[in-house]
Number of protein chains: 4
Amino acid sequence: MIASKGLGAAATAAIAKEAGVSNGSLFVYFVSKAALLNELYVQLKTEMGDAAVADLPAAGSARELVRHIWTRWLRWATSNPDKRRTLAQLEVADEITLESHQLVREGQRRMAELMERSRATGPMKDEPISFVLLIVGAIADTTIDAMIRDPDSASARSDVAFEAVWRVLAG
Amino acid sequence: MIASKGLGAAATAAIAKEAGVSNGSLFVYFVSKAALLNELYVQLKTEMGDAAVADLPAAGSARELVRHIWTRWLRWATSNPDKRRTLAQLEVADEITLESHQLVREGQRRMAELMERSRATGPMKDEPISFVLLIVGAIADTTIDAMIRDPDSASARSDVAFEAVWRVLAG
Amino acid sequence: MIASKGLGAAATAAIAKEAGVSNGSLFVYFVSKAALLNELYVQLKTEMGDAAVADLPAAGSARELVRHIWTRWLRWATSNPDKRRTLAQLEVADEITLESHQLVREGQRRMAELMERSRATGPMKDEPISFVLLIVGAIADTTIDAMIRDPDSASARSDVAFEAVWRVLAG
Amino acid sequence: MIASKGLGAAATAAIAKEAGVSNGSLFVYFVSKAALLNELYVQLKTEMGDAAVADLPAAGSARELVRHIWTRWLRWATSNPDKRRTLAQLEVADEITLESHQLVREGQRRMAELMERSRATGPMKDEPISFVLLIVGAIADTTIDAMIRDPDSASARSDVAFEAVWRVLAG
DNA sequence: TATGAATGAGGTTTCATTCAT
DNA sequence: AATGAATGAAACCTCATTCAT
């Protein structure tokens, strides 16, 4: 619902109906609409993070590992455009608390560690890792949007963007 | 108001009060709340674009010109954190029409031309210029946020991020 | 409320208060104010039509049957001056849709059939039945208003008006 | 404006614009919107009444005189459908004061006198003349509406309706 | 006298939340 | 635990009227 109509048009009554439960039941499980949104946000973000680091080989060069993550990340997003779009909306919603944002950052520690290795000797070696992660995330999101908008060039765009990311990280 | 409380909390009554006019007067000048937001969006975006390309020297290497833009751009954003935050909210608001987004894109043609020259021989030479612009914009926004969050390192962060952008564009 | 203050003064808030429910509850049962008015119109008009043809004897001359209807019709209207006044307002309200007007016409088919028989050999035999019905309705409404305005002469006026109607129909 | 959009959609601002004067000027000449509507009502009704009794021959049978009025009356209404429609709206508007309604009745004394002669020996001789006038007016309005709706049969309908009116009046 | 910007009360409608069943 | 009717605050918007110029 959020993906198609936007956050503003997602009334609790409509959400409950779509979920096949009654209006009141929604508030049995979520103390408020904000709580529901926060939980949804953390869950989607976690799912995305898990998808990105799934099947990560134990060994391999830093480039190979980042490439692995990059590919899974973008694949998840383009395979789940609704979830991706919902995430984009929730990311900037002011109902999402600081706690949720922090919780999510915890869940992406695995990815952070990998980035850490990749940029350790590169030109961004003195920046906070959180900043580096945000930069890479921003590029990824932009790439994903372009891929969804223009599926025919999706694969090529993903490759070019990965090279750009690698130049950012490793020079 | 939008900057501090978010778009959801910006009721027309509150906006009018803040502006020192009556509720009704607001609708004398803007046909609807959406119209107000769209006009605000276009105006802020135009102001930002103008600030970025102000005092652009007639000659100079592509790198110097992009550096010039980058500096002004980030300076405007960090000097006007409220406007920057408002813009970030409006960018994803669904009240903003396609027309406004297109109008804004027209206004940034100057920047687009410069980017065009910079990436013409680089690794992104075959991508649509709109995609390249979006990538650079995403990096800029992320950098701006970091600069506002941590003003002490703002200057250093801006420099490092510019180098990253240059690597993205020119290899 | 409509009867006493007019349609313009019947705010949904006032209607809800009068009905003993909250403002919001009104919109649980009626999708909009227009929907409420339309439903009210159809219901009142149906009630009036039903009252007019109630207890209609199976046999009898055309004149007797029309007289029967005339009497019941005027009795209903004078016994329910509020409903009658409301109906008069709704009849010309532009919130009432074409659908509602047509729906109402269906419901008065019984009356139409009787009129049909009455004017079949009279001077209006070549006019559309809808026109004949409207003429009779206009005379009835005018008579009802006069009866409400001056209750003492109500009975006499009803009789005289019926004779006039009969002259219109049957010559 | 009232004719086309209905009374509800005739805002003073729109009326002023249509009239080619400023918003404020309207209130220089009319103390309130209600005053404007009342004046319009009286004026239109007077115009209609005047049109009906224009060129009235000094002599002639009662039937001929009523026929004369009937013809002019319906001609005016069908030639000025906008005015007729406006009048229909104003007739039931609750902004129109009792004074205006009475004023109008004065203006129709000429017509009343004629009706008086026509029904003097007929079956409605004992009814108040105001009631008789209202009945005739109701039939006229219904006929006019039918004529506007179906211009092809307008002439025939006018004739048939006049005969009906005559039967009402003179038996 | 003419103007038109400013006003603010009032209208309809939405929706997160509650609570008796 | 599940329900869904009821709620009322708050949102957006309209418009008759005023008044300084």
Practice problem: State whether B:Thr12 places a side-chain N or O below 4.0 Å from either non-bridging phosphate oxygen (OP1 or OP2) of F:dC12. | Solution: yes
Student check: side-chain heavy atoms of [X] and [Y] closer than 4.5 Å:
X        : Y        : result
D:Trp76  : D:Glu47  : yes
A:Leu36  : A:Thr12  : no
D:Arg85  : D:Asp82  : yes
D:Leu37  : D:Ile2   : yes
C:Gln108 : C:Met48  : yes
D:Leu26  : D:Lys33  : no
A:Asn38  : A:Leu103 : no

DNA chain E in dot-bracket form (Watson-Crick or G-U pairs under 3.5 Å, [ ] crossing, | inter-strand) is .||||||||||||||||||||
* Return yes if the base of E:dT7 and the side-chain atoms of B:Asn23 contain a donor-acceptor N/O pair under 3.5 Å, otherwise no. =>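 For B:Asn23, whose side chain was compared with the base of E:dT7, there is no donor-acceptor pair (under 3.5 Å).
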- [ ] Hey, could you give me the CG/CD1 distance between A:Asn80 and A:Ile144, rounded to the nearest 0.5 Å?
- [x]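 Here the rounded value is 10.5 Å.
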Mind listing the residues from residues 24-35 of chain D sitting with a heavy atom below 4.0 Å of DNA chain E? Number order is fine.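 Within this stretch, D:Gly24, D:Ser25, D:Val28, D:Tyr29 sit under 4.0 Å of the strand.
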Here the residues of residues 85-99 of chain A within 4.0 Å heavy-atom distance, strictly under, of DNA chain E are none
Could you tell me how far apart [X] ([atom1]) and [N] ([atom2]) are, to the nearest whole angstrom?
X       : N      : atom1 : atom2 : value
D:Ile15 : F:dT14 : CD1   : C1'   : 14 Å
C:Leu37 : E:dT12 : CG    : C1'   : 12 Å
B:Leu36 : F:dA11 : CG    : C1'   : 15 Å
A:Lys17 : F:dT3  : NZ    : C1'   : 16 Å

In D:Thr142, D:Asp141, D:Asp145, the residue satisfying side-chain contact (heavy atoms from CB on, under 4.5 Å) with C:Leu134 is D:Thr142
* In plain terms, say whether C:Asp94 and D:Lys5 are close enough for a salt bridge, that is, a side-chain N and a carboxylate O under 4.0 Å apart. => no
**Request:** For the pair A:Gln89 and B:Val92, evaluate side-chain contact (heavy atoms from CB on, under 4.5 Å) and give the outcome as yes or no after the intermediate values.
**Result:** CA-CA 8 Å; A:Gln89 304 244 30; B:Val92 299; over 6 Å; no
Mapping D:Ser22 and C:Ala11 onto DNA chain E by nearest heavy atom, which one lands closer to the 5' end?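 Upstream on the strand: D:Ser22.
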